[in-house]
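Just below is one structure, and these are the notes that go with it.
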2 protein chains.
Amino acid sequence: MGTEGLRDRKKRQTRTTLVRAAVELATEHGYDNITTDDIATRAGVSTRTFFNYFATKEDAVLNPDPGADDRIRAHITTSPPDQHPLETARTFLHNELTTIDHDHKLWLARLSVIREHPDMLNRAFLSGAATEHTLAEAFADRLGLPADHTYPRTTAATITSAFRVALTQWLRTPGDPTTPALGDHINEVFTLLTHGLTPPARP
Amino acid sequence: MGTEGLRDRKKRQTRTTLVRAAVELATEHGYDNITTDDIATRAGVSTRTFFNYFATKEDAVLNPDPGADDRIRAHITTSPPDQHPLETARTFLHNELTTIDHDHKLWLARLSVIREHPDMLNRAFLSGAATEHTLAEAFADRLGLPADHTYPRTTAATITSAFRVALTQWLRTPGDPTTPALGDHINEVFTLLTHGLTPPARP
DNA sequence: GGCTGTTTGTGCAGTGGCTGCAAGTTTGCA
DNA sequence: TGCAAACTTGCAGCCACTGCACAAACAGCC
């Protein structure tokens with residue numbers, strides 16, 4: 001089971017090649033000005049193959065991480081059961097940030113594309129309704145509640161929203177070392193939420 | 001200025017006719033099985049005209065309310081400045097519910113379409129990013145904060161999320177008078193949020 | 001009632017995302 | 001080596017959506 005097999009290796013490579021092609025082309029010419037044909041051609045495969053790997057042109061740029069759901073579930077079930085859900089989510093997100101540092105360069109390009117297309121981020125989060133569902137399920141399990149209970153659902157929705165806001169705020173001032181890091185934005189948003197969104201004092 | 005003019009009247013009528021056609025056809029044959037041609041034909045206009053009224057096939061079904069943003073802004077600016085934002089939003093949503101009761105029949109059909117296509121609801125809420133922006137702006141004004149401050153943005157995102165969850169929960173048990181009304185779900189979700197999502201006791 | 005400028009409706013041709021199908025090609029396995 | 005399963009590819013096609021050029025309807029004015 002340790003061996004991966006030639007077939008799987010090729011498959012993974014084709015996928016990452018397509019992602020790179022998509023992100024590069026989008027940053028070079030603008031996402032709207034490239035076609036799926038362009039992406040496939042640069043990746044050296046047929047257009048039809050492109051759609052065997054991605055259901056959508058957007059997916060090729062965003063490259064949704066299929067393992068994310070498992071990591072989420074694992075983190076939630078292994079964290080202290082009486083920990084506040086927002087705190088559990090916060091620590092999970094901080095863990096993930098170190099992962100992002102890996103493909104640093106690819107991520108910067110990807111983010112520049114997203115910055116030009118804010119709707120894409122939104123769509124990513126909501127067709128990522130699957131992820132939200134995973135969150136709700138995991139918290140429901142931990143709390144001994146039914147999966148469709150209002151509490152875990154609200155919690156899950158709030159968490160994804162929170163992360164989205166933090167990302168949006170962070171994207172406004174990218175790369176500048178004097179501005180807050182993404183982790184700082186996450187902390188700020190989650191702190192607001194744990195305090196029930198109590199308004200700050202007037203300036 | 002009181003008179004509406006024949007031109008405007010016709011325009012409004014064409015729009016509502018298209019909406020009715022879209023919703024009816026979608027409920028009859030399923031949203032995926034109808035084309036924009038079908039909708040236009042039933043409405044008695046050309047396909048090209050359809051796209052003069054709606055940017056998207058989805059829009060014809062959802063019929064986004066262009067006046068909503070103004071009502072939101074008005075409600076927020078006229079409500080007590082020291083009122084908790086979540087409470088302000090809660091009362092606003094309750095006001096809107098009475099409006100929905102007007103086109104009751106159309107709304108039921110629309111909801112049945114949405115129930116078959118949960119993604120549509122999500123997309124509606126996030127291409128309704130415009131609405132979220134309005135929310136953030138209005139709260140920022142009221143609090144004397146800059147429009148891009150994290151607090152109003154988090155608040156706005158949380159409110160739209162909350163409403164989305166309430167709607168989703170409500171859609172699961174529609175029309176049954178023994179189950180909670182939409183307003184009850186809204187209350188429940190907002191209560192959870194004002195308490196910082198404190199987990200309920202284990203059952 | 002006519003005249004003129006501005007909207008609104010429509011046909012047409014075209015782009016491009018996305019899919020099903022029926023091959024061909026490659027890999028896994030015995 | 002030979003067979004089955006998985007992967008790739010070309011092709012034909014659907015359909016949402018757009019730009020453009022022109023016809024039709026309307027508003028305001030004389």
Side-chain angles (χ1 to χ4, degrees), chain A residues 1-19 21-23 25-26 28-64 66 113 117 119-120 123-124 127, chain B residues 1-23 25-26 28-64 66 113 116-117 119-120 123-124 127:
Chain A
M1 46 157 278
T3 58
E4 195 188 12
L6 175 57
R7 189 166 265 167
D8 299 302
R9 179 160 54 251
K10 267 195 172 178
K11 215 167 140 187
R12 256 197 332 144
Q13 187 176 343
T14 305
R15 186 182 176 91
T16 66
T17 306
L18 278 168
V19 170
V23 173
L25 282 173
E28 289 171 18
H29 307 108
Y31 176 78
D32 294 326
N33 302 320
I34 65 173
T35 70
T36 52
D37 274 31
D38 298 333
I39 301 173
T41 301
R42 173 173 295 206
V45 298
S46 75
T47 308
R48 191 63 186 81
T49 299
F50 174 92
F51 283 105
N52 285 341
Y53 279 86
F54 303 99
T56 279
K57 183 183 165 190
E58 271 192 18
D59 273 4
V61 172
L62 299 174
N63 190 25
V113 178
H117 293 261
D119 296 355
M120 243 173 83
R123 254 168 284 149
S127 60
Chain B
M1 49 157 277
T3 58
E4 194 188 13
L6 176 57
R7 191 167 262 167
D8 299 303
R9 179 159 56 250
K10 266 194 171 177
K11 212 168 144 188
R12 258 198 331 146
Q13 188 176 341
T14 306
R15 186 183 176 92
T16 65
T17 306
L18 278 168
V19 170
R20 293 191 68 85
V23 173
L25 282 173
E28 289 170 18
H29 306 106
Y31 176 79
D32 294 327
N33 301 321
I34 65 174
T35 69
T36 52
D37 275 30
D38 298 334
I39 301 173
T41 301
R42 173 173 295 205
V45 297
S46 74
T47 308
R48 192 63 186 81
T49 298
F50 174 92
F51 284 105
N52 286 341
Y53 280 86
F54 303 99
T56 279
K57 183 181 165 190
E58 271 191 21
D59 273 4
V61 172
L62 299 174
N63 190 25
V113 177
E116 310 286 327
H117 293 260
D119 296 355
M120 243 173 83
R123 255 168 282 152
S127 60

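Chain letters run A, B, ... following the sequence lines, proteins first, then strands; residues in each count from 1. Values below: every heavy atom of this structure, side chains too, minus hydrogens, waters and symmetry copies.
- Remark: P of dT6(C) and NZ of Lys11(B) are 16 Å apart, rounded to the nearest angstrom.
- Defined by atom type and a distance below 3.5 Å, a donor-acceptor pair is present between the side-chain atoms of Thr35(A) and Asp38(A).
- Neither OP1 nor OP2 of dT8(C) sits under 4.0 Å from any side-chain N or O of Tyr53(B).
- Under the 3.5 Å distance criterion, the side-chain polar atoms of Tyr31(A) are matched with a main-chain donor or acceptor of Glu58(A).
- If you check every strand for non-hydrogen atoms under 4.0 Å, Thr47(B) touches nothing.
- Rounded to an integer number of Å, the gap from CG of Asp37(A) to C1' of dT15(C) is 11 Å.
- Side chains of Thr49(B) and Ser46(B): a donor on one and an acceptor on the other come within 3.5 Å.
- The CZ atom of Arg15(B) sits 19 Å away from the P atom of dT7(C) (whole-angstrom rounding).
- For the OP1/OP2 pair of dT10(C) and a distance below 4.0 Å, the side-chain nitrogens and oxygens of Thr49(B) include at least one atom meeting the criterion.
- The distance from atom OG1 of Thr56(B) to atom CZ of Arg123(B), rounded to the nearest 0.5 Å, is 9.5 Å.
- The CZ atom of Arg42(A) lies 4.5 Å from the CD atom of Glu28(A); values are rounded to the nearest 0.5 Å.
- Between Gln13(A) atom CD and dT8(D) atom P the separation is 12 Å, expressed in whole Å.
- For Thr36(B) and Lys10(B), each mapped to the nucleotide of DNA chain D holding its nearest heavy atom, the one lying further toward the 5' end belongs to Thr36(B).
- Checked by distance alone, Arg48(B) brings no side-chain donor or acceptor within 3.5 Å of a matching partner on the base of dT10(C).
- Residue Ile34(A) is in sugar-phosphate contact alone, with no base atom involved, counting any heavy-atom pair closer than 4.0 Å across all strands shown.
- Going from atom CZ of Phe51(B) over to atom C1' of dC15(D) covers 9 Å, rounded to whole Å.
- At whole-Å resolution of the value, CG in Asp32(A) and P in dT15(C) are 17 Å apart.
- Of the side-chain N and O atoms in Thr56(A), one or more sit less than 4.0 angstrom from OP1 or OP2 of dC18(C).
- In this structure, Arg12(B) atom CZ and dT8(C) atom C1' are separated by 17 Å, rounded to whole Å.
- Along DNA chain C, the nucleotide nearest Asn52(B) and the nucleotide nearest Arg7(B) are compared for position; the residue whose nucleotide lies closer to the 5' end is Arg7(B).
- Remark: C1' of dG16(C) and CD of Glu58(A) are 15 Å apart, rounded to the nearest angstrom.
- For Lys57(A) and dC18(C), the shortest distance from a side-chain N or O to OP1 or OP2 is not below 4.0 Å.
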